[in-house]
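Down below is the structure, laid out as structure tokens.
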Amino acid sequence: MPSQDRQVLPNSFRIAVVAPPWFEIPPAGYGGIESVVADLVNGLVQRGHEVTLVGAGRNRTRASRFVSAFEVPPSERLGLAIPEVLEAAAVADALRDVDVDLVHDHSLAGPLLACGRAAPTLVTVHGPATGEMGDYYRRLGSAVSLVAISAAQRRLNPGLNWAGTVHNATNVASFPFEARKDDYVLWLGRFCWDKGAHLAISAARAAGLRLVLAGKCSEPGERRYFARQVEPALGPDVEYVGEADAGLKRHLLAHARALVFPIQWEEPFGMVMIEALACGTPVVATARGSVPEIVVHGETGLVVDEVADLPGALRSVSDIDPVACRRHCAQRFDLDVMASGYERVYRQLLSGPTPRGRTAAPRAERDGRAAAVHRAAGAPVP
């Protein structure tokens, strides 16, 4: 249930938020999308909206209502189709008797239900918007409206039914700020080729700096990559500390000289970068995907075009001011910024025409929503 300090607004929205089924909301350890969903739910409730959350496991958010698709999250089946389909069925059942203004879906299979409901469906595209996933979103057409999490993601497939761009965010206040740094460089992520842990090892060694590695290594592909590319390179100057929970992650990020982020694909958004900045820790990264939108070169980190330039950047990064890193993150990537961005998209959808392929709501209901949208935006009701 929402806490007593909830801000009550006379014209708040009723929003159903659908999370992926793989981890609890928020996750105890790994789970970037789940962390974003939890923060968004809490931010929306704080701003006066009524939120129904569909997820897995226990509800650890401030959602007004929670529907659990799985008593225990099926984390060990991550990527399989049937948990996604079962959750979609749970969503259909849960929303059958719940009156909502809008469904905000963060799952894979859930958007397939959009054509059968009166309320508009907004889908945040957390992964690639190209290839087969791009084909999927294109085939959904105007039944759903899409939100990009970076301009870089949206540029790769501009023809999709984009409704807006809203950067991911984090609770900056929950991250400790540390101005005085230790002597190590940190790599934090999921162990795979695209995340570049092997490149971080080479760069830190070339720069003469100690490297700490922390990350998820539980799936077969991750274990194979770790065994071949990472484990043989461990030593006194390269330490692996396992998968970091929320507390260890914050400690490592706050005390690191820098976060090294040698990303090797057009990643739509790198959450660990804003978490580092929240701790006052600069980011040294390759200029792929969302990196140039998150890191201000020379102010909150150093962005390089070539992997060969990483060692020099790691040696120079101590010139970056930790206070500037924290300030930039608070201004651009705090929770209130993300919640406000989604509110703008919600108002746009609820005040626009009914998209093709979706059943229109009754006239009285549509008129009531339109009036609420105008009042919430501070405009006169027509």
Side-chain angles (χ1 to χ4, degrees), residues 29-30 175-218 222-223 225-264 270-288 291 294-295 297-304 306-326 329:
Y30 180 81
F175 285 83
F177 173 78
E178 182 60 60
R180 299 186 64 177
K181 305 297 185 181
D182 290 346
D183 65 348
Y184 66 88
V185 172
L186 177 67
W187 179 93
L188 179 65
R190 183 170 62 85
F191 282 98
C192 64
W193 186 272
D194 288 343
K195 297 285 188 178
H198 60 293
L199 300 175
I201 294 171
S202 298
R205 280 207 168 121
L209 296 170
R210 184 165 69 95
L211 176 68
V212 173
L213 301 164
K216 178 176 174 289
C217 188
S218 56
E222 296 165 351
R223 292 195 293 267
Y225 167 80
F226 185 89
R228 295 171 184 172
Q229 300 293 332
V230 177
E231 193 169 25
L234 298 178
D237 59 340
V238 179
E239 179 186 6
Y240 172 54
V241 298
E243 182 176 344
D245 61 14
L248 179 58
K249 176 174 70 172
R250 282 163 170 76
H251 176 84
L252 292 172
L253 285 169
H255 291 87
R257 170 190 177 103
L259 173 77
V260 59
F261 192 76
I263 194 71
Q264 293 300 291
M271 282 295 296
V272 69
M273 289 189 285
I274 64 173
E275 293 172 342
L277 296 178
C279 294
T281 298
V283 178
V284 173
T286 46
R288 301 289 297 271
V291 168
I294 296 174
V295 182
H297 181 72
E299 293 184 22
T300 64
L302 297 172
V303 181
V304 301
E306 303 294 336
V307 171
D309 296 326
L310 286 172
L314 289 174
R315 286 190 290 265
S316 303
V317 75
S318 57
D319 294 334
I320 301 294
D321 181 10
V323 174
C325 296
R326 174 85 165 198
C329 189

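Everything numeric here is computed off the predicted structure, so don't read it as measured data.
- Classification of the F191-Y240 ring pair by plane angle, with boundaries at 30° and 60°, yields perpendicular.
- For the pair V260 and L211, the minimum side-chain heavy-atom distance is below 4.5 Å.
- Using a 4.5 Å cut-off on side-chain heavy atoms (C-beta onward), T300 and V283 make no contact.
- At least one donor-acceptor pair closer than 3.5 Å links the side chain of E222 to the backbone N or O of S218.
- Looking only at side-chain heavy atoms (C-beta outward), C325 and I320 come within less than 4.5 Å of each other.
- Summarising the geometry, atom CG belonging to D183 is positioned 12.5 Å from atom OG belonging to S318; distances are rounded to the nearest 0.5 Å.
- Here L253 contributes atom CG and M273 contributes atom CE; the two are 12.5 Å apart, rounded to the nearest 0.5 Å.
- What you find for A256 and L186 is that their closest heavy atoms are CB-CB, 3.8 Å.
- Under a 3.5 Å cut-off, the side chain of K195 and the backbone N or O of Q264 do not form any donor-acceptor pair.
- One finds the CD atom of E231 at 12.5 Å from the CZ atom of R223 (value rounded to the nearest 0.5 Å).
- Counting only heavy atoms from C-beta outward, the side chains of L234 and E239 never approach each other to under 4.5 Å.
- The closest donor-acceptor contact from the side chain of R257 to the backbone of L314 lies under 3.5 Å.
- Shown here for R210 and P236, the closest heavy-atom pair between the two residues is CD-O, 4.3 Å.
- Contact between P282 and L277 at its shortest, heavy atoms only, is CA-CD2, 4.5 Å.
- Expressed to the nearest 0.5 Å, how far CG of L199 lies from CD of Q229 amounts to 9.0 Å.
- Atom CG in L259 sits 10.5 Å away from atom CG in L252 (nearest 0.5 Å).
- Each of L188, I201, V185, V241 was compared with L213 under the side-chain contact (heavy atoms from CB on, under 4.5 Å) criterion, and only I201 meets it.
- Shown here are the side-chain hydrogen bond (donor to acceptor under 3.5 Å, both in side chains) partners of R315, two or more places apart in sequence or in another chain: there are none.
- Judged by distance alone, the side chain of T286 and the main-chain N or O of I263 form a donor-acceptor pair under 3.5 Å.
- D182 places no side-chain N or O within 3.5 Å of a backbone atom of Y184 that could act as its donor or acceptor partner.
- Considering all non-hydrogen atoms of both residues, R326 and F175 come closest at NH1-O, 2.6 Å.
- Counting all heavy atoms, side chain and backbone alike, C217 lies closest to F226 at SG-CB, 3.6 Å.
- The nearest pair of heavy atoms linking P176 to A254 is O-CB, 3.7 Å.
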